[in-house]
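Computed over heavy atoms, backbone and side chain alike; hydrogens, waters and symmetry mates excluded. We name chains A, B, ... by the order of the sequence lines, and we start the count at 1 in each one.
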Number of protein chains: 4
Amino acid sequence: MLNRVILIGRLAQDPELRYTPNGVPVATFTLAVGRQYTNRQGERVEATDFIDIVVWQKLAETCTNHLGKGRLVAVEGRLQVRSYDDSQGIRRKAAEVVANDVRFLDWPKEARGSSTGGSKTTEGENFASEISFNEDEIPF
Amino acid sequence: MLNRVILIGRLAQDPELRYTPNGVPVATFTLAVGRQYTNRQGERVEATDFIDIVVWQKLAETCTNHLGKGRLVAVEGRLQVRSYDDSQGIRRKAAEVVANDVRFLDWPKEARGSSTGGSKTTEGENFASEISFNEDEIPF
Amino acid sequence: MLNRVILIGRLAQDPELRYTPNGVPVATFTLAVGRQYTNRQGERVEATDFIDIVVWQKLAETCTNHLGKGRLVAVEGRLQVRSYDDSQGIRRKAAEVVANDVRFLDWPKEARGSSTGGSKTTEGENFASEISFNEDEIPF
Amino acid sequence: MLNRVILIGRLAQDPELRYTPNGVPVATFTLAVGRQYTNRQGERVEATDFIDIVVWQKLAETCTNHLGKGRLVAVEGRLQVRSYDDSQGIRRKAAEVVANDVRFLDWPKEARGSSTGGSKTTEGENFASEISFNEDEIPF
DNA sequence: TTTT
DNA sequence: TTTT
């Protein structure tokens with residue numbers, strides 16, 4: 001009856017934009033969310049959770065146009081767990097955050113004084129490659 | 001740098017309690033979280049997300065002792081995505097919410113006027129059966 | 001850039017519905033949110049925070065029609081701090097949660113087996129009595 | 001029974017550190033949280049909410065030592081509404097977020113290429129000046 | 001009283 | 001001013 005996720009992290013790669021058969025834009029990217037904890041031996045450990053994000057409609061296009069790998073964002077959305085069959089026909093479970101809001105928390109690499117930056121070329125496929133999106137996931 | 005999940009839903013089955021090799025208690029259960037939306041045809045649709053929850057230490061024991069299938073709770077925690085190999089050796093991704101807080105929002109079935117209720121017998125195994133828990137997941 | 005509040009508590013009184021000069025419905029009520037802590041002497045203490053809630057438009061009417069004193073709800077919204085002059089001309093600061101979502105977590109008193117219940121008569125005025133609402137507070 | 005606030009914004013002034021009679025450190029600062037909305041005339045409007053933050057113990061010292069006016073942070077905590085008598089003996093209501101976590105989201109001004117920066121001199125008093133803090137507010 |  |  002309530003399903004709310006708030007994440008702050010950096011894009012692990014550029015957003016990937018596609019369209020449903022009905023022409024609805026969907027963007028996907030993975031967010032790297034850092035975490036620190038103290039382990040059994042009392043040592044300070046850094047870990048990173050990689051969390052898949054799905055963004056729909058106008059926000060999908062805004063994210064694709066203005067965000068890239070490494071950018072810091074706050075994502076607000078809903079956790080969704082899904083079952084699907086992968087390309088080998090194996091049943092898999094996937095979990096993503098369906099975002100209804102993405103806030104940009106830093107400036108693009110260019111503006112931060114980087115040299116090359118923002119190539120917008122995605123190497124490899126992100127988590128969305130084997131999934132057929134359901135428009136009923138749209139969070140509004 | 002921030003990873004926060006808040007869920008309200010009902011337990012899909014009784015919590016299952018186990019212990020790590022070091023004797024740390026871990027409870028697991030699946031939460032059924034309802035959701036309504038309007039589909040493309042303008043119809044009101046009810047859907048349910050089933051989200052796996054992991055609870056550690058004293059709270060694990062409290063949940064196991066006081067909660068059962070059908071109970072309404074609010075869960076606060078962190079979203080965690082993990083890779084593991086299942087019993088057929090297939091690499092799988094799992095996602096759970098590691099709870100640091102669980103609030104009981106209704107009264108046990110008995111107190112609500114049910115007849116049998118609260119047998120505490122779990123039929124089958126829940127999502128935790130193939131997973132070896134890492135104590136570093138403990139959220140504090 | 002992000003302002004998110006999630007509360008679970010019970011209505012301290014029935015919602016009060018009014019309308020802006022433009023005819024936009026606004027409902028207000030106070031939420032009693034329990035909290036436990038251990039004080040300096042190691043004793044377990046119960047405290048309650050009373051938090052003012054503002055609800056706009058259709059949700060305002062839904063809340064007024066279906067909620068009453070004592071009902072358990074989850075409120076999601078935005079924290080808003082406002083300055084205003086009270087009836088004695090003293091400048092005061094007020095804080096409310098402007099809700100964009102209210103979930104009903106229990107059943108009305110009648111359905112719970114109460115005898116009298118749900119009179120819907122509000123004794124006294126709630127916090128909204130001295131405030132002129134600004135439609136720009138509407139959270140969408 | 002649940003009281004959770006998550007804010008992202010910039011410090012409106014340097015944190016102010018004080019100590020309770022028992023020597024417990026408390027830091028206070030005001031957070032400027034931006035917000036955009038579209039008004040009745042269809043114009044895009046920028047508004048800022050100024051929200052008071054209270055931080056206790058070790059985190060109070062960390063914030064005071066490492067944060068200053070203008071810094072971007074994520075604050076997680078609990079909304080607290082309090083009554084107190086101001087210096088003229090007028091009963092006032094105050095609302096703050098008692099933070100249990102503060103994440104630093106940008107780098108100090110110096111590291112961002114500013115010239116003077118970080119003077120750490122607070123002009124005027126912040127909201128805490130008339131309040132006597134209650135150690136029972138400590139969020140754990 | 002206010003931040004970018 | 002307050003809810004269970």
Side-chain angles (χ1 to χ4, degrees), chain A residues 103-107 111, chain B residues 103-107 111, chain C residues 1-3 7-16 28-36 46-53 67-75 81 83 91 93 104-109 112-114 117-118 121-130, chain D residues 1-3 7-16 28-36 46-53 67-75 81 83 91 93 104-109 112-114 117-118 121-130:
Chain A
R103 306 291 171 92
F104 307 170
L105 299 179
D106 63 0
W107 298 101
Chain B
R103 306 291 171 92
F104 306 170
L105 298 179
D106 62 1
W107 297 101
Chain C
M1 335 202 17
L2 180 78
N3 181 336
L7 304 171
I8 299 178
R10 294 189 180 274
L11 297 232
Q13 86 277 103
D14 291 343
E16 211 167 298
T28 51
F29 56 86
T30 296
L31 199 67
V33 181
R35 173 162 63 94
Q36 289 94 242
E46 306 263 336
T48 301
D49 288 305
F50 291 92
I51 299 176
D52 295 334
I53 312 290
L67 289 177
K69 183 176 174 175
R71 293 288 306 280
L72 184 70
V73 296
V75 169
V81 178
S83 288
R91 187 127 211 96
K93 236 158 95 178
F104 306 170
L105 297 180
D106 62 0
W107 298 101
K109 234 186 200 160
R112 269 145 59 204
S114 136
T121 317
T122 302
E123 316 260 353
E125 294 280 301
N126 82 3
F127 72 96
S129 49
E130 300 194 317
Chain D
M1 334 196 24
L2 178 78
N3 181 335
L7 303 170
I8 299 178
R10 293 189 181 273
L11 297 232
Q13 86 277 102
D14 290 344
E16 212 168 297
T28 51
F29 57 86
T30 298
L31 199 67
V33 181
R35 174 162 63 94
Q36 288 94 241
E46 305 264 335
T48 302
D49 288 306
F50 291 92
I51 299 176
D52 295 333
I53 311 291
L67 290 176
K69 183 176 176 176
R71 294 289 306 280
L72 184 69
V73 296
V75 168
V81 178
S83 288
R91 187 128 210 94
K93 235 157 94 177
F104 306 169
L105 298 179
D106 63 0
W107 298 101
K109 234 186 203 161
R112 269 145 60 207
S114 135
T121 317
T122 303
E123 317 260 352
E125 295 279 301
N126 81 4
F127 71 95
S129 50
E130 301 194 317

Can you measure D:Leu31 atom CG to E:dT2 atom C1' for me and round it to whole angstrom units? 11 Å

Compare the ring of D:Phe50 with the six-membered ring in the base of E:dT1 and state whether they stack (centres under 5.5 Å, planes under 30°). no

So CD of C:Gln36 and CD of C:Glu46: to nearest 0.5 Å the spacing works out to 4.5 Å

Atom NZ of D:Lys69 and atom P of E:dT4 are separated, to the nearest Å, by 7 Å

Spacing between C:Asp14 atom CG and F:dT1 atom P, to the nearest angstrom: 20 Å

Taken to the nearest whole Å, CG/C:Asp49 to P/F:dT3 is 15 Å

Can you tell me how far P of F:dT1 sits from CD of C:Gln13, to the nearest Å? 13 Å

Please pick, from F:dT3, E:dT2, F:dT2, the nucleotide with the shortest atom-to-atom distance to any side-chain atom of C:Thr48. F:dT3

D:Lys93 bridged to C:Asp52 by N-O distance under 4.0 Å: yes

Round to a whole Å and report the spacing from CG of D:Leu7 to P of E:dT2. 20 Å

Integer-rounded Å distance: F:dT3 C1' and D:Leu2 CG: 16 Å

Could you tell me whether a side-chain N or O of C:Arg71 sits under 3.5 Å from a main-chain N or O of C:Asp106, the two making a donor and an acceptor? yes

The criterion is side chain to side chain donor-acceptor pair (under 3.5 Å); which residues satisfy it with D:Asp49, sequence neighbours excluded? D:Arg35

Can you check the D:Ile51 CD1 to E:dT2 C1' distance for me, whole Å? 13 Å

From the options E:dT2, F:dT3, E:dT4, select the nucleotide whose nearest atom is closest to the side chain of C:Arg10. F:dT3

